[in-house]
Amino acid sequence: MHDIRLIRDDPAAFDAALARRGVEAVSARILALDEYRRGVATRLQEAQNRRNEASKSIGTAMGKGDKDTAEALKAEVAQIKDLLPALEADERQHDEAIRAELARLPNLPAADVPEGADESDNVEVARWGTPREFAFTAKEHADIGPALGLDFETGAAISGARFTFLRGQVARLHRALAQFMLDTQVDTHGYTECAPPLLVKDDAAFGTGQLPKFAEDLFRTTDGRWLIPTSEVSLTNSVREQIMGADTLPLRMTALTPCFRSEAGAAGRDTRGFIRQHQFEKVELVTVCKPEESAAEHERMVAAAESILKALELPYRKMLLSAGDMGASARKTFDLEVWLPGQAAYREISSVSNCGDWQARRMNTRFKPEGSKKTEFVHTLNGSGLAVGRTLVAVLENYQDEDGSVRVPEVLKARMGGIERLVPA
RNA sequence: GGAGAGGUGGCAGAGUGGUCGAAUGCGCCGCACUCGAAAUGCGGUGUACGGGUAACCGUACCGUGGGUUCGAAUCCCACCCUCUCCGCCA
């Protein structure tokens, strides 16, 4: 959600910034609505003012027993009241129209976000680790996994495509990965562990930007709630409708939760394997902070996500997304892409975004700067630290041996109950 | 799911048709007193939108949405939430 004053102040700059994301110019249309709305609002307030004054006078007149004056005033108020409903409706209509326009617009890209229409314009900013040399042809996880307990067939049988049933060694490894990530984010990086609801209301889904435009990406319950596509929704909305104390910021949260995505529009993509599922687990990082802190918090969060890949010794590269490839809520996004030897490709495993005040406006989350009377919108950031399912994929592919077994990464051994190697059944 | 009670400012808590954005207490901020502090006294202390260079002015908001009325925190209707008891359940 944007501040309409931003558009009033410099409509050309606003349109130019959105043009970088391929959005058509909207300022002129919104400003016309805004000007009209304010005119109506002023007339409405004047009418209400006269009504209020007259009503007070009626009270005074009645108190004095001056019936004639009271009756005359009543007639005047009745006249004013005839005008009000139309003005109110007109104002509300235009207010809603403006809100709807603003609510559909994506965030403005930050100045240092590269130009570009899609992922081909993303810029690699760092690369870590050296892909391992294999003495044999590295297999894809979908070929190694089934013998180790990654059961695509059972998942499909009970739930359909894009569901997987994990058992035995792989289920244990999956859990070890998830808990290692969560513990690291809590113990090493200072994010507070949270266990949030997985079902949310419309308002929450609107707050982080899933609604109104991306409803088709979500699963909806029969009682009108939404399954979270990421715990970003629950964590970020935990501060909705609040005026936060400056001393509570920055607020850093993390959660390990399942995520549910309908993957509408992804038909045919990554249908094989564990890469793109309707249900997957993710450790999420969310930070709520003051505007001047958000750039530094963004770097901090990326580093927290990177630390997991480093600890697991998984080679990756860090991408700065181009204006056209970012999600709607982001001003600036880094993606971490892990090396998958089976696919011989880098694949997204984490996405870390600074949303500026875009979500804060939608959630109405503000804070009061020290010594200030005015409230200000907070900034929000979110990032995966990391996607557990895709990390499992990366471990299977990077740690595989020719016989189909998979070595357990050093940092996970303590959590594997003595298992040092996953061995095919 | 059944029965009952209740939702008012940062908190506690009054207010049942008019001058109530709302008493009072606590908290918080400022000032006075003091060498300093405590205590005490005085003043201030919600949010949003609109207008204005500003001081300031106006409008709306007492869970949410409707309604009655010249006028609603107060009356009526619906919904939401919280609490207590019972049932059920992990």
Side-chain angles (χ1 to χ4, degrees), chain A residues 1-9 30-103 195-207 221-226 234 237-249 251 257-258 357 359-378:
Chain A
M1 181 80 77
H2 294 288
D3 186 352
I4 189 146
R5 277 170 285 214
L6 209 63
I7 305 176
R8 282 183 206 149
D9 289 349
I30 292 175
L31 286 180
L33 288 168
D34 181 49
E35 199 171 326
Y36 182 86
R37 196 208 106 237
R38 281 190 289 167
V40 173
T42 301
R43 276 187 286 149
L44 174 62
Q45 289 187 5
E46 281 166 359
Q48 287 171 326
N49 187 12
R50 264 180 297 160
R51 179 203 61 192
N52 290 348
E53 280 173 1
S55 287
K56 276 183 192 172
S57 305
I58 292 171
T60 325
M62 303 253 281
K64 287 189 209 151
D66 185 351
K67 282 227 162 114
D68 291 347
T69 305
E71 287 306 318
L73 284 167
K74 279 191 192 182
E76 192 196 332
V77 171
Q79 236 175 5
I80 296 167
K81 273 185 60 173
D82 285 343
L83 301 171
L84 290 181
L87 286 169
E88 279 166 3
D90 205 14
E91 204 228 334
R92 191 174 55 242
Q93 252 170 35
H94 283 80
D95 198 54
E96 280 166 7
I98 291 165
R99 286 188 64 81
E101 290 272 359
L102 291 175
L198 308 180
L199 267 51
V200 298
K201 301 192 287 187
D202 287 355
D203 286 348
F206 177 85
T221 62
T222 52
D223 70 347
R225 290 176 231 270
W226 305 91
S234 305
N237 276 283
S238 69
V239 297
R240 63 174 298 110
E241 312 278 344
Q242 279 188 37
I243 299 173
M244 305 182 71
D247 58 349
T248 65
L249 303 176
L251 177 64
T257 69
D357 65 4
Q359 292 180 324
R361 288 180 185 284
R362 298 170 82 91
M363 299 190 300
N364 198 22
T365 303
R366 293 155 295 163
F367 78 105
K368 217 170 246 183
E370 309 279 357
S372 169
K373 290 208 75 135
K374 289 299 284 179
T375 56
E376 256 182 77
F377 287 102
V378 297

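In what follows, every chain begins at residue 1, and chains take the letters A, B, ... in the order their sequences are listed. The analysis underlying the following values was restricted to heavy atoms, covering all of them including side chains, and did not include hydrogens, waters or symmetry mates.
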For this session: Under 3.5 Å for both distances, Watson-Crick or G-U wobble, that's the pair rule; now give the dot-bracket for RNA chain B, with | marking pairs to another strand and [ ] for crossing ones.
Result: ((((((((.[[[..)..(.....]]]((((((.......))))))((((((....)))))).[[[[[..)....]]]]])))))))....
Protein N or O to nucleotides 73-81 of chain B N or O, pairs below 3.5 Å:
none

Name all residues meeting the side chain to side chain contact (heavy atoms under 4.5 Å, CB included) criterion together with [X]; count only those two or more places apart in sequence or in a different chain, and write none if there are none.
X	value
A/Asp223	A/Thr221, A/Arg225
A/Lys56	none
A/Gln79	none
A/Glu96	A/Arg92

Expressed in whole Å, how much space separates the [atom1] atoms belonging to [N] and [M]?
N	M	atom1	value
B/A5	B/U69	P	29 Å
B/G50	B/G41	P	42 Å
B/C80	B/C26	C1'	31 Å
B/U64	B/A73	C1'	15 Å
B/A60	B/A72	C1'	14 Å
B/C33	B/C42	P	16 Å
B/A22	B/G17	C1'	15 Å
B/G63	B/G58	P	25 Å

Short heteroatom pairs, N/O only, protein and nucleotides 17-21 of chain B, under 3.5 Å:
{"from": "B/G18", "atom 1": "N2", "to": "A/Ser55", "atom 2": "O", "distance (Å)": "3.0"}

Would you tell me if any nitrogen or oxygen in the side chain of [X] comes within less than 4.0 Å of OP1 or OP2 on [N]?
X	N	answer
A/Asn364	B/U47	no
A/Asn52	B/G71	no
A/Arg366	B/G46	no

For this session: Tell me which residues in residues 32-45 of chain A put a heavy atom below 4.0 Å from RNA chain B, sorted by number, or none.
Result: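 Output list: A/Arg37, A/Arg38, A/Thr42, A/Gln45.
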For this session: Can you sort out which residues in residues 78-92 of chain A have a heavy atom within less than 4.0 Å of RNA chain B? Ascending by number, please.
Result: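 RNA chain B contact set from residues 78-92 of chain A: A/Lys81.
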Could you give the [atom1]-to-[atom2] distance, from [X] to [N], as a whole number of Å?
X	N	atom1	atom2	answer
A/Asp95	B/U59	CG	C1'	14 Å
A/Glu376	B/A48	CD	P	12 Å
A/Glu46	B/G50	CD	C1'	10 Å
A/Asn49	B/C57	CG	C1'	10 Å
A/His94	B/G50	NE2	C1'	17 Å
A/Ile243	B/U45	CD1	C1'	14 Å
A/Glu241	B/G46	CD	C1'	15 Å
A/Asp203	B/G63	CG	P	19 Å

Quick one: [atom1] on [X] to [atom2] on [Y], what's the gap to the nearest 0.5 Å?
X	Y	atom1	atom2	result
A/Arg99	A/Ile4	CZ	CD1	10.5 Å
A/Glu376	A/Thr365	CD	OG1	13.5 Å
A/Leu33	A/Glu101	CG	CD	6.5 Å
A/Ile7	A/Ile30	CD1	CD1	4.0 Å
A/Phe377	A/Met244	CZ	CE	14.0 Å

For this session: Give a yes or no answer on whether the side chain of A/Arg362 reaches the backbone of A/Ala103 with a donor-acceptor pair at less than 3.5 Å.
Result: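 Yes, the answer is positive, given that a donor and an acceptor are paired below the 3.5 Å cut-off.
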For this session: Give one of base, sugar-phosphate or nothing for A/Arg5, where a contact means two heavy atoms less than 4.0 Å apart.
Result: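 The residue A/Arg5 makes sugar-phosphate contact but no base contact.
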For this session: Let me see the working for A/Val378 and A/Asp357 under side-chain contact (heavy atoms from CB on, under 4.5 Å), right down to the final yes or no.
Result: CA-CA 6 Å; A/Val378 297; A/Asp357 65 4; over 6 Å; no
For this session: Could you tell me whether A/Asp9 and A/Arg5 make a salt bridge, using a distance below 4.0 angstrom between a side-chain N and a carboxylate O?
Result: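 No.
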Problem set entry | A/Arg38/A/Asp34 ion pair, N-O < 4.0 Å |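 Answer for the salt bridge query: yes.
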For this session: Hey, which sits more toward the 5' end of RNA chain B by its nearest nucleotide, A/Leu73 or A/Ile4?
Result: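 Here A/Ile4 is the residue nearer the 5' end.
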Side chain to side chain donor-acceptor pair (under 3.5 Å) with [X]: which residues, sequence neighbours excluded?
X	value
A/Asn364	A/Arg366
A/Gln45	none
A/Asp90	A/Tyr36, A/His94

For this session: Mark yes when over 12 heavy atoms from residues, nucleotides or ligands other than A/Glu241 sit less than 6.0 Å from its CD; otherwise mark no.
Result: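 Atom CD in A/Glu241 is crowded, with more than 12 foreign heavy atoms closer than 6.0 Å.
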Exercise. Given A/Ser234 and A/Leu198, is the side-chain contact (heavy atoms from CB on, under 4.5 Å) satisfied, shown in steps?
Worked result: CA-CA 7 Å; A/Ser234 305; A/Leu198 308 180; 6.0 Å; no
